[in-house]
Amino acid sequence: RRGLPSTLSSVYDPLGLAAPFLLEGRKIIQKLCKENSAWDDPIQEDPKDKWTTWMSKLQKLEGIKIPRCFKPSIFGQVKDASIHHFSDASEYGYGQASYLRLVNMDDHIHCCLLIGKSRVTPTKFVSIPRLELTAATLSIRISLLMKKDLELKYASKIKEYFWTDSEVVLGYINNESKRFKVFVANRVQMIRDHSDPSQWYHVNTKLNPADDTSRGLDAANMSKVKRWYNGPEFLWLPEETWKRNKVHQRLDYDDPEIKNEAKVNFIKSNPNSILNWLEASISSWNKMKRIVAIILRYKWILKQ
């Protein structure tokens, strides 16, 4: 058991290019940690078999080659550049993937993976909408990191797009009236501080490459491996062909993340009421109680 974390940590991947391939290994280690057994205890057969299978799949990463330069050498002059951040979450994990899309003077398109992040879900239960929102927040953090560290010519002209397959998250981001609980409120505020709601779009789950960061990826599945490194197919098409669905979901009143609104009723008092007379005429609390008791008893007698 002691060697499992060291094996996982030995994969040097600061850009997260192999992030979805490592998710399954992290889940196995997380499950072993839940058992609260010692580091030197032998591993049970079931997790041991899963670990061995995962290690055999990981060896296939040796056959994957990634160009060091984001722009192909024969691509020519770039006339348009954009960065697309995809986020997703599931019960297994959550993460994001960012892609650089370049268009040259001949309208040829090139897309490549810039950075990816994949994390296992916390051991404590967190709802899927909260995980989806956390993944969206992760995209914002990556965006801020790129603006600070990524050296690209005409960086100020690069457009940014944020994609998620969660309509609930888009509803939170586009909200203008409801107040949320602290967990959601803090993350929505961060998203709105560093991006505009108009930059957020809905993408079909089947087209979302960040789905690989939340569920893991098998290196033998070459079709998904290609999508992970090259981005979804629609990014390779002209922008006017994209199905950019702007989802403005109306939040349900019974949404668990919405704060209950406190309602206050105002009562206009009559200056000639008996309560005002009691308050102005009687200074003793005990005497006031006795008088009120007599009034209530007289009211009871009249009703009889």
Side-chain angles (χ1 to χ4, degrees), residues 11-22 60-88 95-118 138-165 194-196 198-204 206-213 217-245:
V11 181
Y12 181 70
D13 184 31
L15 294 180
L17 304 181
F21 306 101
L22 304 179
K60 298 179 182 179
L61 289 178
E62 294 179 349
I64 299 176
K65 295 182 179 181
I66 304 170
R68 183 181 294 273
C69 185
F70 294 140
K71 187 181 92 168
S73 57
I74 60 173
F75 193 70
Q77 184 178 352
V78 175
K79 72 173 184 180
D80 182 72
S82 56
I83 296 178
H84 298 257
H85 306 277
F86 294 83
S87 59
D88 188 46
Q96 70 88 226
S98 298
Y99 296 88
L100 176 65
R101 181 180 184 270
L102 302 175
V103 182
N104 66 9
M105 302 303 293
D106 297 324
D107 291 329
H108 293 157
I109 300 172
H110 177 75
C111 295
C112 62
L113 177 66
L114 290 175
I115 190 171
K117 293 291 183 182
S118 181
L138 189 57
S139 283
I140 292 295
R141 290 175 178 168
I142 294 299
S143 170
L144 295 175
L145 176 67
M146 287 184 176
K147 290 176 182 177
K148 179 181 178 181
D149 296 336
L150 189 62
E151 295 181 2
L152 285 174
K153 196 175 183 180
Y154 311 118
S156 60
K157 297 182 180 180
I158 295 179
K159 296 179 291 186
E160 280 190 292
Y161 298 83
F162 296 88
W163 303 84
T164 176
D165 55 19
H194 301 288
S195 68
D196 192 272
S198 62
Q199 293 178 273
W200 287 83
Y201 296 93
H202 181 265
V203 62
N204 190 288
K206 295 180 180 179
L207 302 176
N208 189 359
D211 183 68
D212 300 331
T213 66
L217 189 59
D218 185 352
N221 191 341
M222 293 309 298
S223 61
K224 284 198 171 185
V225 170
K226 183 178 179 181
R227 185 186 72 171
W228 168 247
Y229 288 112
N230 297 333
E233 291 182 1
F234 73 87
L235 287 185
W236 290 80
L237 301 176
E239 187 172 347
E240 57 269 17
T241 64
W242 299 351
K243 295 181 180 180
R244 290 181 287 185
N245 300 322

Participant: Could you report the tightest heavy-atom contact between Pro238 and Ile109, atom names first, then the distance?
Facilitator: N-CD1, 4.0 Å
Participant: When rounded to the nearest 0.5 angstrom, what is the spacing between CG in Leu113 and CZ in Arg227?
Facilitator: 12.0 Å
Participant: Going by heavy atoms in the side chains, are Asn208 and Trp163 under 4.5 Å from each other?
Facilitator: no
Participant: For residues 66-75, pull every pair meeting side chain to side chain donor-acceptor pair (under 3.5 Å), keeping only residues two or more places apart or in separate chains.
Facilitator: none
Participant: Output yes when a side-chain donor or acceptor of Asp106 lies under 3.5 Å from a complementary backbone atom of His108, and no otherwise.
Facilitator: no
Participant: Nearest 0.5 Å, please: how far is CG in Asp211 from CZ in Phe86?
Facilitator: 12.0 Å
Participant: Using modelled atom types and a 3.5 Å cut-off, is there a donor and acceptor pairing between side-chain atoms of Tyr229 and backbone atoms of Lys65?
Facilitator: no
Participant: Trp228 vs Tyr99 aromatic rings, parallel, tilted or perpendicular, using cut-offs 30° and 60°?
Facilitator: perpendicular
Participant: Given Val203, which of Trp242, Phe234, Phe162 fulfils the side chain to side chain contact (heavy atoms under 4.5 Å, CB included) condition?
Facilitator: Phe234
Participant: Please report the interatomic distance OG(Ser98) to CD1(Ile142), rounded to the nearest 0.5 Å.
Facilitator: 6.0 Å
Participant: With a 6.0 Å cut-off on ring centres, are Tyr161 and His84 close enough?
Facilitator: yes
Participant: Is a donor from one side chain sitting under 3.5 angstrom from an acceptor on the other, for Trp200 and Thr164?
Facilitator: no
Participant: For atom CD1 of Ile74, is the number of surrounding heavy atoms from other residues, nucleotides or ligands below 6.0 Å larger than 12?
Facilitator: no
Participant: Determine the minimum heavy-atom distance between Ala210 and Ala97, stating which atoms define it.
Facilitator: CB-N, 4.4 Å
Participant: Output the distance between atom CG (Leu102) and atom CD1 (Ile158), rounded to the nearest 0.5 Å.
Facilitator: 8.0 Å
Participant: Under the side-chain contact (heavy atoms from CB on, under 4.5 Å) rule, what do Ser87 and Leu138 come out as? Steps first, then yes or no, please.
Facilitator: CA-CA 8 Å; Ser87 59; Leu138 189 57; over 6 Å; no
Participant: When you measure from the side chain of Asp212 to the backbone N and O of Pro20, does any donor-acceptor pair fall under 3.5 Å?
Facilitator: no
Participant: Give me the atom names and distance for the closest heavy-atom approach of Asn230 to Cys111.
Facilitator: O-CB, 3.3 Å
Participant: Of the non-hydrogen atoms in Leu15 and Ile115, which two are nearest, and what is the gap between them?
Facilitator: O-CG1, 3.1 Å
Participant: Measure from the side-chain N and O atoms of Thr213 to the backbone N and O of Ser118, and report whether any donor-acceptor pair falls under 3.5 Å.
Facilitator: no
Participant: Determine, stepwise, if the pair Trp236 / His110 fulfils ring-ring contact (aromatic ring centres under 6.0 Å, His included).
Facilitator: CA-CA 7 Å; Trp236 290 80; His110 177 75; 5.8 Å; yes
Participant: Going by an N to O cut-off under 4.0 Å, is there a salt bridge joining Asp80 and Lys159?
Facilitator: yes
Participant: Where do Lys79 and Asp107 land on the salt bridge (Lys or Arg N to Asp or Glu O under 4.0 Å) test, with the steps shown first?
Facilitator: CA-CA 9 Å; Lys79 72 173 184 180; Asp107 291 329; 2.4 Å; yes
Participant: With no hydrogens and no angle check, just 3.5 Å: does a side-chain donor-acceptor pair link Ser143 and Glu160?
Facilitator: yes
Participant: So which atom in Leu235 and which in Arg101 form the shortest heavy-atom distance, rounded to 0.1 Å?
Facilitator: O-NE, 2.5 Å
Participant: Between atom CD1 of Ile83 and atom OG of Ser139, what is the distance when rounded to the nearest 0.5 Å?
Facilitator: 11.5 Å
Participant: Can you check whether Lys224 reaches Asp218 side chain to side chain, under 4.5 Å on heavy atoms?
Facilitator: no
Participant: What distance do Leu145 atom CG and Lys117 atom NZ have between them, rounded to the nearest 0.5 Å?
Facilitator: 7.5 Å
